[in-house]
Amino acid sequence: MTGTPTSDAHGSDQITSDSATPVIVDWPTSGIPGGGQTASGHLLDGLNPQQRQAVEYRGKALLIVAGAGSGKTRVLTHRIAALIENREAWPSQILAITFTNKAAAEMRERVEELLGGRTEGMWISTFHSACVRILRREAENLGLSKNFTIYDSSDSRVLLKRIIKRNDADMYGFTPANAAAKISKLKNELADADSYARNANMSDPNEVAFVEIFRDYQRELLRASAFDFDDLIAQTVYLFRAFPQVAARYQKKFRHVLVDEYQDTNHAQYALIREFTRAPEADGFLPGTDEGASLTVVGDSDQSIYAFRGADIRNIVEFERDFTGATVILLEQNYRSTQNILSAANAVIANNFDRKDKKLWTDIGDGEKIIGFTGYSGHDEAQFVADEIEKLHSDGVAYGDIAVFYRTNAQTRALEEIFVRSALPYKIMGGTKFYERAEIKDAFAYLTAVMNPADELAVRRIINTPKRGIGPATVTQLASFAENAETTLRDALREASTLGFGPKVTRAISDVSAVLDEASALADQGKVSEVLTTLMQKSGLIDSLRMSRDPQDEARAENIDELVAVTKEFERNNPDGTLIDFLTEVSLVAAADDLDDASGTVSLMTLHTAKGLEYDTVFLTGVEEDLLPHRMSANEPGGPSEERRLFYVGITRARKRLFLSLAMTRAQYGETAVAMPSRYLQEIPAELIEWRQSPGSVNSRGGTQSRALNARRWGAGSAGGSGTDARALPRAEKKEWPNKVTNMVRDNGDLELVAGDRIRHSDFGEGRVQNVTGAGTKRVAHVQFDTAGAKKLLIKIAPIEKL
DNA sequence: TAAGTACTGGTTTTT
DNA sequence: CCAGTACTTA
């Protein structure tokens with residue numbers, strides 16, 4: 001222990017309170033390569049020479065260029081474990097930063113496994129969580145509330161919408177979405193309204209309007225004591241720069257900083273890393289003798305897919321220049337995929353110019369060929385995916401080892417419809433749907449209003465939810481009263497009786513105010529779930545949903561019950577957790593629950609979400625122009641290259657089997673449009689793909705002769721040959737394809753089916769029921785169709801009739 | 001003020 | 001196709 005008065009004065013005991021960790025000035029962080037090699041011996045077992053080097057290297061800066069599947073997480077976790085095991089660092093001196101919550105959770109788990117616990121005090125988190133932690137801890141030193149709210153992008157847009165309207169800036173073509181994008185971009189560059197204004201052409205009214213919006217936006221955030229996602233990073237950087245003694249505490253604490261997915265860091269994140277690894281300044285009491293922390297970054301510029309969000313590929317390309325004396329280690333051996341899959345990936349990515357040539361290789365053999373399929377429509381494609389999954393499953397492949405990828409979330413609709421019909425268990429990953437539902441956001445707004453009364457956005461959201469007769473006019477009056485009295489909207493509610501509203505309105509306002517006060521008192525004693533239930537009951541929200549005659553409101557009430565269950569779960573996991581902790585977690589960890597219950601189900605996700613994951617079998621769907629590359633990025637500089645990397649990321653997720661599929665027509669905005677095969681498809685050597693149905697053999701009018709030939713040729717080789725070929729003829733006669741599943745019979749009610757029944761299905765024609773399994777609404781009919789092969793159908797919603 | 005209707009326009013990826 | 005919006009009416 002340094003035990004100096006200074007560290008106490010600055011509360012550094014707070015930082016290290018989780019253990020008796022000394023803030024050691026002369027801790028041996030570097031220059032002792034191999035110190036205690038024996039101790040980490042088992043940590044080197046099974047590593048190849050490059051991986052081993054990456055684990056053992058000790059120096060100020062290390063860049064590990066890790067190709068897809070080359071074991072980077074393994075290297076990173078082993079490196080951390082070795083540092084601890086060799087007593088080169090305490091757990092609390094480690095800061096490991098990942099890009100997603102999922103990656104952080106996985107890393108923690110694996111380090112824990114290697115060390116048998118002993119990760120107490122280690123910071124393994126995302127950029128955003130780490131920054132929130134620091135900002136909450138330091139907020140009060142800076143005159144900010146530590147109860148600040150974190151605005152997600154939709155909150156930002158709501159706020160911007162009001163500002164734009166107020167400023168009449170829509171005249172200049174500003175929308176909440178484009179203003180938010182522009183502001184986000186600037187914040188990622190560590191620019192603020194003033195610095196932007198200095199460089200902007202202020203004779204352009206457009207620019208003036210924007211600067212105005214930016215300023216107002218930031219002012220409103222401050223007034224509400226709120227940070228948006230980008231602020232979390234940028235404000236932490238500002239904090240460190242403005243208060244070197246605060247920065248020094250963290251610089252002394254963290255001796256080893258490790259950053260995953262370094263290619264996806266933006267400028268603000270880069271600056272933050274620089275701050276963390278800077279040598280701490282003398283703080284007036286202690287000399288600034290310490291060296292900066294050692295930095296390890298892992299990345300692969302071929303997997304940079306977040307440039308659209310400000311990720312700066314130069315951060316990784318210029319790493320050696322930025323950090324003098326840096327060492328670079330290259331990991332090229334792939335332990336994940338078959339050679340066929342890697343060859344396809346290598347061939348595709350080779351088309352990106354200005355990249356360092358890098359070739360993934362494996363010694364596990366060629367494996368199966370990539371399978372290609374072209375459907376008539378998105379539904380046809382989805383049916384293919386479902387059929388193949390069923391086939392694999394009956395061959396013993398677990399659903400949990402299968403994933404389906406797509407470029408845009410809109411593509412899930414067709415997949416979902418077919419999967420539900422086919423009774424395939426699936427889970428959509430990363431779709432933060434639950435937390436985006438209106439009723440859930442309402443519930444959060446109540447909690448937020450309790451935690452941070454200054455948050456006007458939250459108060460506005462709940463003030464008339466449920467409807468209590470407080471209309472926009474009343475809200476505007478309240479807000480302008482607050483503005484004039486230089487107080488908050490929340491406080492204005494308390495003054496309602498003095499503001500001359502009608503008795504009914506006044507009463508309604510005071511009631512809301514009282515409910516918030518009551519909950520606030522409760523919040524001081526902990527128990528998030530009690531705060532929530534109180535709010536939901538006394539505000540009348542839950543009752544209004546239960547009483548409603550809108551059948552959907554029943555489900556909404558259930559969602560709120562579900563949220564209460566989430567808070568209880570939170571209390572179990574965090575006995576000391578406060579309301580602040582809960583709200584922080586949910587605003588930052590929208591999709592972390594994906595980890596646990598995804599087993600036993602097929603995983604559906606976007607290509608972006610897929611990064612960092614791997615599956616035995618991968619279906620990469622919608623490999624079409626305008627989708628991949630997406631039409632929005634096709635014309636942007638660097639767009640097609642980034643989309644190619646996205647494709648590359650998708651391909652390299654597959655361990656054993658890769659399916660590439662596309663459709664000739666794709667439904668969008670309710671209309672069907674003709675789709676073209678993606679340009680990237682032809683970058684894959686033809687001999688690597690076995691086409692079940694190639695793009696050339698299908699045209700948009702339906703089946704063709706060549707298609708039939710083709711289908712027979714490939715169909716003979718594939719197991720069963722059930723679906724695809726046989727459907728060619730009946731389908732070709734149809735004028736329209738079944739791309740509007742929603743319009744069909746959705747509810748067969750209690751249609752009774754037993755083995756032996758004949759049925760007719762709108763797509764598959766006639767067939768005989770073999771078997772019925774499941775119960776209630778989940779009854780599934782196993783049907784042998786005359787022409788379309790065997791299918792599983794969810795009886796309740798399948799478009800079928802009994803004959 | 002609230003509820004209901006007609007209409008628009010927008011649609012990439014995410015912490 | 002959908003959500004969100006503007007406009008009507010009670």
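The figures that follow rest on heavy atoms only: side chains count, while hydrogens, waters and symmetry mates do not. Proteins get letters first, then strands, A, B, ... in listed order; numbering begins at 1 in each.
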Next item on the list: Could you tell me whether the phosphate oxygens of dA2(B), OP1 or OP2, come under 4.0 Å of any side-chain nitrogen or oxygen in N464(A)?
Entry: yes
Notebook entry, point to check: In whole angstroms, how far is the P atom of dT1(B) from the CZ atom of R507(A)?
Noted result: 18 Å
Notebook entry, point to check: Over how many whole Å does the gap from I150(A) atom CD1 to dT15(B) atom C1' extend?
Noted result: 10 Å
Give me the distances for all protein-to-nucleotides 12-14 of chain B N/O pairs that come in under 3.5 Å?
from	atom 1	to	atom 2	distance (Å)
dT12(B)	O2	R407(A)	NH1	3.2
dT12(B)	O2	R407(A)	NH2	2.4
dT13(B)	OP1	N409(A)	N	3.1
dT13(B)	OP1	N409(A)	OD1	2.9
dT13(B)	O4'	R407(A)	NH2	3.4
dT13(B)	O2	R407(A)	NH2	2.7
dT13(B)	O2	H608(A)	NE2	3.3
dT14(B)	OP1	T606(A)	OG1	3.0
dT14(B)	OP1	T609(A)	OG1	3.0
dT14(B)	O4'	R309(A)	NH1	3.0
dT14(B)	O2	R309(A)	NE	3.2
dT14(B)	O2	R309(A)	NH1	2.8

Check: Closest to the T474(A) side chain: dT15(B), dT1(B), dC1(C)?
Finding: dT1(B)
Within the sub-3.5 Å range, which N or O atoms of nucleotides 3-6 of chain B have a protein N or O partner, and how far apart are they?
from	atom 1	to	atom 2	distance (Å)
dG4(B)	OP1	R549(A)	NH2	3.3

Notebook entry, point to check: For N464(A), which residues count as a side chain to side chain donor-acceptor pair (under 3.5 Å) partner, sequence neighbours excluded?
Noted result: none
Item checked: Spacing of Q411(A) atom CD relative to dC1(C) atom C1', expressed in whole Å -> 15 Å
Notebook entry, point to check: Starting at CD1 of I509(A) and ending at C1' of dT1(B), how long is that distance when rounded to a whole Å?
Noted result: 14 Å
Notebook entry, point to check: What residues form a side-chain contact (heavy atoms from CB on, under 4.5 Å) with S301(A), not counting sequence neighbours?
Noted result: I313(A), I316(A)
Item checked: Protein-nucleotide distance (R162(A), atom CZ; dG4(C), atom C1'), rounded to Å -> 18 Å
Next item on the list: Under the side chain to side chain donor-acceptor pair (under 3.5 Å) rule, collect the residues that match up with Q477(A), sequence neighbours excluded.
Entry: none
Notebook entry, point to check: According to the interplanar angle, ranging from 0 to 90°, do the rings of W123(A) and F254(A) count as parallel (below 30°), tilted (30 to 60°) or perpendicular (above 60°)?
Noted result: perpendicular
Margin query: The side chain of A473(A) is closest to which nucleotide in this list: dT1(B), dC1(C), dG4(C)?
Written below: dT1(B)
Notebook entry, point to check: Can you name the side-chain contact (heavy atoms from CB on, under 4.5 Å) partners of S125(A), sequence neighbours left out?
Noted result: S129(A), A130(A)
Item checked: Distance flag, aromatic centroids of F308(A) and H608(A), threshold under 6.0 Å -> yes
Margin query: Expressed as a whole number of angstroms, how long is the span from E417(A):CD to dC1(C):P?
Written below: 10 Å
Next item on the list: By nearest nucleotide on DNA chain B, pick out whichever of A177(A) and I470(A) is the more 5' one.
Entry: I470(A)
Notebook entry, point to check: Among all residues two or more places apart in sequence or in another chain, which pass the side chain to side chain donor-acceptor pair (under 3.5 Å) test with D228(A)?
Noted result: K187(A), Y217(A)
Less than 3.5 Å apart, which donor and acceptor atoms pair up between the side chains of residues 502-509 of chain A and the rest of the protein, not counting sequence neighbours?
from	atom 1	to	atom 2	distance (Å)
T506(A)	OG1	F501(A)	O	3.2
T506(A)	OG1	G502(A)	O	2.7

Next item on the list: Please name all residues satisfying side chain to side chain donor-acceptor pair (under 3.5 Å) with D455(A), sequence neighbours left out, ordered by chain then number.
Entry: T149(A), Y151(A)
Margin query: In this structure, how many angstroms lie between the C1' atom of dA3(C) and the CZ atom of R157(A), rounded?
Written below: 13 Å
Checklist line | Nucleotide dT15(B), atom P - distance to CG of D155(A) in whole Å | finding: 15 Å
Next item on the list: Could you measure between the two P atoms, the one in dG4(C) and the one in dT13(B), and give it in whole Å?
Entry: 16 Å
